[in-house]
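Below, chain A is the first sequence line, B the second, and so on; all start at residue 1.
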Amino acid sequence: MSAGPAPTCAVPLPRAFYARPADQVARALLGQRLCVEQGGRRSLARIVETEAYLGVEDLACHASRGLTPRTRTLYGPPGTAYVYLIYGLHHLFNVVALAEGEPHAVLVRAVEPLSELPARTDGPGRLTRALGIDLTHNGIDLSEPPISILPGDPPADVGVDRRIGVDYAGTWADAPLRFVDAASTHLSRPLAR
DNA sequence: GACCGGATTATG
DNA sequence: ATAATCCGGTCA
């Protein structure tokens, strides 16, 4: 039995990483690595696009309608997964941020494959399909299998933009809460400016 | 129990 | 431009 330290690639980001407002977590998540172990397959991908959702005041955030069965996981501890189905078709993967009882979250909108993947990963619905993420992962801790987030190299250049698909959210629709690795060729959409 | 809309994607 | 497709929120 070796008592040596685990390989670096297996050490997830600490809980403290997520314990700050979602805009900070969204930016910091760029370049980190998403690891999904599913049905004997291990997928690895680099996070290149995120969006922050800032709790009850943010009209684009699901929590702005209060605590319901669906948004319950949003109110859970930081560093857990919030997964939901949209348009009856696509699973969207979010990371809970800030603190228990504070419904902040970061939507992961695009990743770059670091291992062979069966589908495109540039888009929030595509990446969950490629990685096999679905509702069964809602609420799980992201510091251990089957889904974990591991340290990676942050991008040299971060682009900031308004969020996609939240035109209904009044003044919040224009808030600069979308973050991308400006050099990535795997964004769901190019930067607006 | 009925109705409606959505943090999207593929296709025309 | 629009269909696909269904969960959960809202109102009754």
Side-chain angles (χ1 to χ4, degrees), chain A residues 18 20-30 32 34 36 43 45 47-76 78-98 102-113 117-140 142 147 149 158-181 184-192:
Chain A
Y18 305 99
R20 41 185 167 159
D23 53 333
Q24 292 180 38
V25 176
R27 184 183 283 264
L29 232 24
L30 296 177
Q32 315 290 356
L34 181 58
V36 181
S43 305
I47 298 172
V48 295
E49 178 178 346
T50 59
E51 281 180 358
Y53 289 83
L54 301 182
V56 295
E57 295 189 350
D58 179 355
L59 295 183
C61 183
H62 290 165
S64 66
R65 281 74 147 193
L67 202 172
T68 67
R70 179 212 208 184
T71 60
R72 191 176 57 77
T73 57
L74 266 182
Y75 290 78
T80 55
Y82 171 48
V83 182
Y84 67 93
L85 184 63
I86 190 166
Y87 299 117
L89 303 174
H90 308 289
H91 298 284
L92 267 56
F93 172 72
N94 302 251
V95 177
V96 176
L98 192 50
E102 291 285 341
H104 280 219
V106 176
L107 170 65
V108 178
R109 290 193 53 92
V111 299
E112 287 180 358
L117 293 178
R120 292 170 61 180
T121 57
D122 54 331
R126 291 195 192 104
L127 77 88
T128 54
R129 186 151 57 89
L131 295 170
I133 296 173
D134 60 34
L135 290 181
T136 65
H137 302 292
N138 189 35
I140 67 172
L142 295 175
I147 305 181
I149 300 181
V158 174
V160 183
D161 198 357
R162 51 178 271 155
R163 293 172 293 183
I164 294 170
V166 298
D167 292 342
Y168 60 84
T171 58
W172 284 93
D174 293 319
L177 294 175
R178 176 182 177 228
F179 303 91
V180 307
D181 175 347
S184 177
T185 57
H186 291 257
L187 302 183
S188 69
R189 296 202 195 166
L191 271 185

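- A straight line from NE2 of A/His91 to P of C/dT5 spans 14 Å, rounded to a whole angstrom.
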Could you walk me through whether A/Arg162 and A/Trp172 pass side-chain contact (heavy atoms from CB on, under 4.5 Å), step by step? CA-CA 9 Å; A/Arg162 51 178 271 155; A/Trp172 284 93; over 6 Å; no
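- Residue A/Leu85 places its side chain closer to C/dC7 than to any other of B/dT8, B/dA7, C/dC7.
- A/Tyr53 has its side chain out of reach of A/Leu177: every pair of non-hydrogen atoms, C-beta onward, lies at least 4.5 Å apart.
- A/Arg178 has its CZ atom 12 Å from the C1' atom of B/dA7, to the nearest Å.
- Residue A/Leu89 is in base contact, counting any heavy-atom pair closer than 4.0 Å across all strands shown.
- Atom CG of A/Leu92 sits about 7.5 Å away from atom CZ of A/Arg109, to the nearest 0.5 Å.
- Residues from residues 50-60 of chain A that place a heavy atom under 4.0 Å from any atom of DNA chain B, listed by number: A/Tyr53, A/Ala60.
- Phosphate proximity of C/dC7 to A/Tyr87: absent, as no side-chain N or O sits under 4.0 Å from OP1 or OP2.
- With rounding to whole Å, A/Tyr84 atom OH is found 9 Å from B/dT8 atom C1'.
- Across A/Ile149 and A/Leu29, no two heavy atoms sit closer than the pair CG2-CD1, 4.3 Å.
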For A/Glu49 and A/Ser184: C-alpha separation, side-chain torsions, deciding distance, then whether side chain to side chain donor-acceptor pair (under 3.5 Å) applies. CA-CA 9 Å; A/Glu49 178 178 346; A/Ser184 177; over 6 Å; no
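- Using a 4.0 Å heavy-atom cutoff across all strands shown, A/Arg70 reaches sugar-phosphate atoms only and no base atom.
- Between the C1' atom of B/dT8 and the CG atom of A/Leu92 lies a distance of 7 Å, rounded to the nearest Å.
- A/Arg65 places its CZ atom 18 Å from the P atom of B/dC4, with the value rounded to the nearest Å.
- Rounded to whole Å, atom P of B/dG5 lies 16 Å from atom NE2 of A/His62.
- Within residues 122-134 of chain A, the residues approached by DNA chain B to less than 4.0 Å at the level of any non-hydrogen atom are A/Gly123, A/Pro124, A/Gly125, A/Arg126, A/Arg129, in residue-number order.
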Starting at the 5' end of DNA chain C, write a dot or bracket for each base, bracketing those in Watson-Crick or G-U wobble pairs whose two distances are under 3.5 Å and using | for partners on another strand. ||||.||||||.
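- Note: CG (A/Leu74) to P (C/dC7) measures 19 Å, nearest angstrom.
- Remark on DNA chain C: of its neighbouring residues A/Thr71 and A/Ile86, the 5'-side contact belongs to A/Ile86, judged by nearest-heavy-atom nucleotide.
- Residue A/Leu142 forms a side-chain contact (heavy atoms from CB on, under 4.5 Å) with just one option from A/Ile147, A/Val96, A/Thr80, A/Leu34, and that option is A/Ile147.
- A/Arg120 has no side-chain polar atom (N or O) that falls below the 4.0 Å cut-off from OP1 or OP2 of B/dT9.
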